[in-house]
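Here is how names work: the chains are called A, B, and so on, in the same order as the sequence lines, proteins then strands, and each is numbered from 1.
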Amino acid sequence: MPNTTQQLQYDAIVVGAGHNGLICAHQLAKKGKKVLVLEAEPEAGGLAKGYEFSPSFFTSAVHTLPQLSKKLISSLQLEQHGFSTKQQVIPTLALNDNGQHISISKNTVDGVSEKDQKSFQEFTELMNQFSKTMGPFWHKNPPRIEDRDVSDLFTFAQFGWNVRRLGKEKMAEFTRVMALPSQDLMDEFFHNPLLKAALSWDFLVGNKLAPRSPNNAVLNQLLRNAGDLSGKQVYNTGAMPVAQVGQFINALVKSCESLGVSIQYNARVESVLVSEHKVTGVRLADGREMLASKVISNLDPKTSFQKLLGQQHLDIQFSHRINRIRDRGMVATVNLALNGLPKFNGVTDLNQRLLIAPTMSDMETAFDSAKYGELPEHPVMEVMIPSLRDETLCPAGHYVLSAQVMYVPYELKGSWETAKPKLLASIMAMLERYAPGISEQVIASELLTPKDIETKFNVRGGHWHHGEFCIDQWWVNRPTYGTNRYSTPMPGFFLCGAGAHPGGGIMGAAGLNAAREVLKND
Amino acid sequence: MANKYDAIIIGAGHNGLTNAAYLAKAGLQVLVLEKNAYIGGAAVSRELHKGWMYSNCSYVCTLLRQSIHRDLNLSQHGLMIVPYEGNTSFGADGDYVAHYPEAAMSYREIKRHSARDADAMVRYESDLMRYAKLIRFFLLRTPADPTSFKPRDIKEMIYMGKKFLDLGEEQIYEFMRFLTMSAADFLNEYFENDLVKASLATSSIIGTALGVYSPGTAYVLLHHVMGDVDGTVGAWGLARGGMGAISNAIAASLAEFGGEVRCDAEVSELLVRNNKTYGVLLANGEEVHSDIVVSNLDPKRTFTKIINKKHISPALRKKAENFKIRGSSGKVNIALTGQPYFPSLPDQSLLQKGSFAFVDSLENMERAYDDWKHNRWSEIPFIEMTQSSQFDPTLAAPGHYFVSCFIQYCPRDVEGGWTDEKRAAFGETVVNRISKYSPNFRELIAHMEIRTPFEIENEIGLTEGNIFQGELTLDQLMFNRPFPGYAQYRGPIKGMYMCGSGTHPGGGVSSACGANSAREILMDLKREKINGKSVVPEEFDDA
């Protein structure tokens, strides 16, 4: 054996210290397993890590935690390590360029007609009921249809029972509403165009979905509403839990370490070692080999199978199904370092989720450019000022503004070099409309297109779901038949990331479920 | 005094006529009331220019069920369906992809564009056929109501479940994907050449308010290959004499069974007493009485135009208002004094006589959809041009041709409304596009009828000019068509039924809706069998 290799025996190796990977490691260690997590970057967290985007200015790619549950936080013992279940909850303000904004909070909407206010109650009640119906399934392994496994049949029965419990009227509505485009659903309930656009945001963000896109919008919203940090049965569009996700990651790392999990950084994994058709460990980019009978990948499915494992170990049909996974993100993030508090017309409290999306038609038009690989003229966005909640993010008297921008193509017709400044200009122009003078306050900026997100965070396609979140790539089809329960055709090789059920977002369900599957395989 | 009629059917579209014919066959005294001077609804042949017969609405037929064709003796009543051959899709640069009736020729043609795609086509067709064969089982069946525990519904759910499970686990998952994907994504999984994909994608958007990139369009691909002509599943056919021949044959069958049709008899209201219907009120003030009234009108029109608000719950009325039935297509029907010549096609090829799809590319088909979203007709529209008279000489004199152009997208409302100028401009967009490929086309035009969804709605009564009486999206299909709880042809009022394309299995000239509805009506009357045999067939012949 060459003396550059270093062989250590673990029970399990997790590739990638994203939150799902860490959670999976945590659950295995809790059951007494010796676990090693290998992370390519100098720090953990993947898309959820906090980072410095300009000297002394900190941010993260995401600030909201609508999918996180209290149960997860306590089962990971995060409170002891610095992350509480009690996080701030902020309302949403849908900005109108005439200053007459619409305020959406936990149970009410202000700035709309009485009719729309009443409809909001009915709407959120309906959506919460659907949430409840779907709820149990995010944290369960997808069943198999032909198994005689009792727990699988129970899952199907439970689903049927949950749907039945909606009552005859709502049951019928369930299948119908699930397939509706967000625009049609909004038109059925509301009149105010700004309200419809604002509520649509949580149905569409993070996926290749526009207001008119059928089939997948409601499912997307249900996933986004799957957490309970703002309370049980709360429609969190108006009650959005927010936090420094970096703290979440830090607490998670500490909790893992307290259980004896080893985490190595700057340790990029190059391939999975296979012998006699089963996993024996991994080889790192620097040549070192680590041995384990179980390797669990936090990376997206395509990278996991094509690069880590290698297609030579897979049958052609399976490879074909992996290759066809659609995984191009459409969200860009922009971070601004400001030398003063921006003045948004008509807004007194800036510690809210500000939505800039005048109408559903504007959202559709922005999408209609991006889908052809072109830049939208008037991007739509979700804006927050996280430094209002955490002063350590920047120097005193300064502010960090962070926005998620839609729709930005992954692949551009033309070069990004000339296009990126144009995109930033469009974004600033939109912000100027609502916060005149903001451009003068910018001392530094960072614009990450989906391609940049891919490079910076090791997330394929810059897609935070690792693979489009839509019915044809969901549940028993996520990522595909043959690997829809975290195990794969290669014994000992597992998936635990967003590319598996139930999808992405900071939720931890994939990591939890994967650990359960890994332990079953013992 | 007993009613003269056992059942009244509102609307002499092909489904209404089919419904009436089956009821009459079972021995009921039926009357069909039609507002226009002619029957057929959207399946008509009209001599709009002397010497040319126009199928000026629907133009091809494939979905007409063979069993219905037999039961109603349509051949004896003059109906002859002729398969038509040769379909060419034109790309932006003048290149084309042709689909030939012979498999070997089609293979070579695809190979000309991509060898890989020629092989993939085999796999594609077999996969689609598998799904088509599964779906066909459900066309001539009333959908189950999944929210009910009635034995009949449970039995139907089990039947569906079994047919589904027969696919095997992997294929079940693939089918789930197929039902919800976009046509573009689905085609991308098989093919690499854009024009090949575009030529196939045409059937995924016809009659929809969606684009080829929209989730849910892959399923629509299926809808258009699911029929059969003489047993060749997936083929398309022309009715000799134009589409009106279908309606006329069904009407003749109806007459043979003793049914009546009255034209120029618009129904203005359904007569209701104690939540039970007792007939209809005509626009001229006359009342016609019957205990059974079947509406062949689209669901929106049925529930918002001819039933007084007080007879239906506000919830149901809201459902009807929310029902999606947006029109997205126009028709330009043209009388030509000669055969259009397409220089990019081989001179003596059968393709010159076939049908044409002007697609350009998947991207341009999607851009055509984007225009419609803003209430404009497509700058570069998708056009399907059928030269019906090439295969049916009865439509025009020798040397003359009738050509039917189906265009997407065309909105029902444009800014400023559909003035004569706007309509002419729309027609010009169409002629201009075709002329790019056929230079002699324009000079052959003897007459043109330009129909936007606006005209179609006003003349035929199809709300917003939607050709399927309601969009074919998952939320409005099967047990949700037209609305959850009302997907078994029965209305909320006793004695009231629906039989149009707004019910299962949806649109297209299939007669299935009319037949399924008749079955339900007869079941309620306990008259569904004659001498032990079902009046309305239940399964597919190849089941």
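Proximity to chain B is absent for every atom of A:T480, based on heavy atoms less than 4.5 angstrom apart. In this structure, chain B has a heavy atom under 4.5 Å from the side chain of A:N216, while its backbone stays farther away. Only the side chain of B:D145 comes within contact range of chain A, with at least one heavy atom under 4.5 Å from a heavy atom of that chain. There is no contact between A:N323 and chain B, counting heavy-atom distances below 4.5 Å. Heavy-atom distances place no part of B:L477 under 4.5 Å from chain A, backbone and side chain included. Of the atoms belonging to B:E366, heavy atoms from both backbone and side chain fall under 4.5 Å from chain A. Contact of B:S182 with chain A is not made at all, since no heavy-atom distance falls under 4.5 Å. For chain A, the nearby part of B:F479 is the side chain; its heavy atoms alone come within less than 4.5 Å. Only the side chain of B:R326 comes within contact range of chain A, with heavy atoms under 4.5 Å apart. For B:P146, the part lying near chain A is the backbone, with the side chain staying farther off; criterion is any non-hydrogen pair under 4.5 Å.
A:N477 places a side-chain N or O within 3.5 Å of a backbone atom of B:Y173 that can act as its donor or acceptor partner.
By the neighbour-count criterion of 12 heavy atoms within 6.0 Å, atom CD of A:E377 is sparsely surrounded, having that number or fewer from other residues, nucleotides or ligands. A 6.0 Å sphere centred on NZ of A:K413 holds more than 12 heavy atoms belonging to other residues, nucleotides or ligands. Counting heavy atoms of neighbouring residues, nucleotides and ligands inside a 6.0 Å radius, atom CD of A:E114 does not exceed 12 of them.
Ranked by heavy-atom pairs shorter than 4.5 Å toward chain B, the options A:P181, A:C470, A:G167, A:A179 are led by A:A179.
In this structure, the side chains of A:K371 and B:D370 come closer than 4.5 Å at one or more pairs of heavy atoms. Inter-residue side-chain proximity for A:R212 and B:Y369 is flagged as met; some heavy-atom pair is nearer than 4.5 Å. Counting heavy atoms from C-beta outward, B:K373 and A:D368 have side chains that approach closer than 4.5 Å. Residues A:R176 and B:K319 have side chains not in contact (no heavy-atom distance under 4.5 Å, counting atoms from C-beta outward).
For the atom pair NE2 of B:H374 and OG1 of A:T365, the computed distance is 4.0 Å after rounding to the nearest 0.5 Å. Taken to the nearest 0.5 Å, the OG1 atom of A:T175 stands 11.5 Å off from the CE atom of B:M478. Atoms OG1 and CG, from B:T180 and A:L219 in turn, are 10.0 Å apart once rounded to the nearest 0.5 Å. To the nearest 0.5 Å, the span separating CZ on A:R321 from CZ on B:R177 amounts to 9.5 Å. Distance check, rounded to the nearest 0.5 Å: CH2 of A:W474 to CE of B:M176 gives 7.5 Å. Atom OH in A:Y372 sits 8.0 Å away from atom CG in B:N364 (nearest 0.5 Å).
Salt bridge A:E173/B:K318: absent, no basic N to carboxylate O contact under 4.0 Å. In summary, B:K324 and A:D187 do not engage in a salt bridge, as defined by a charged side-chain N under 4.0 Å from a carboxylate O. Salt bridge A:E374/B:R367: present, at least one basic N to carboxylate O contact under 4.0 Å.
Side-chain atoms of B:Y219 and A:N215 include no donor-acceptor pair closer than 3.5 Å.
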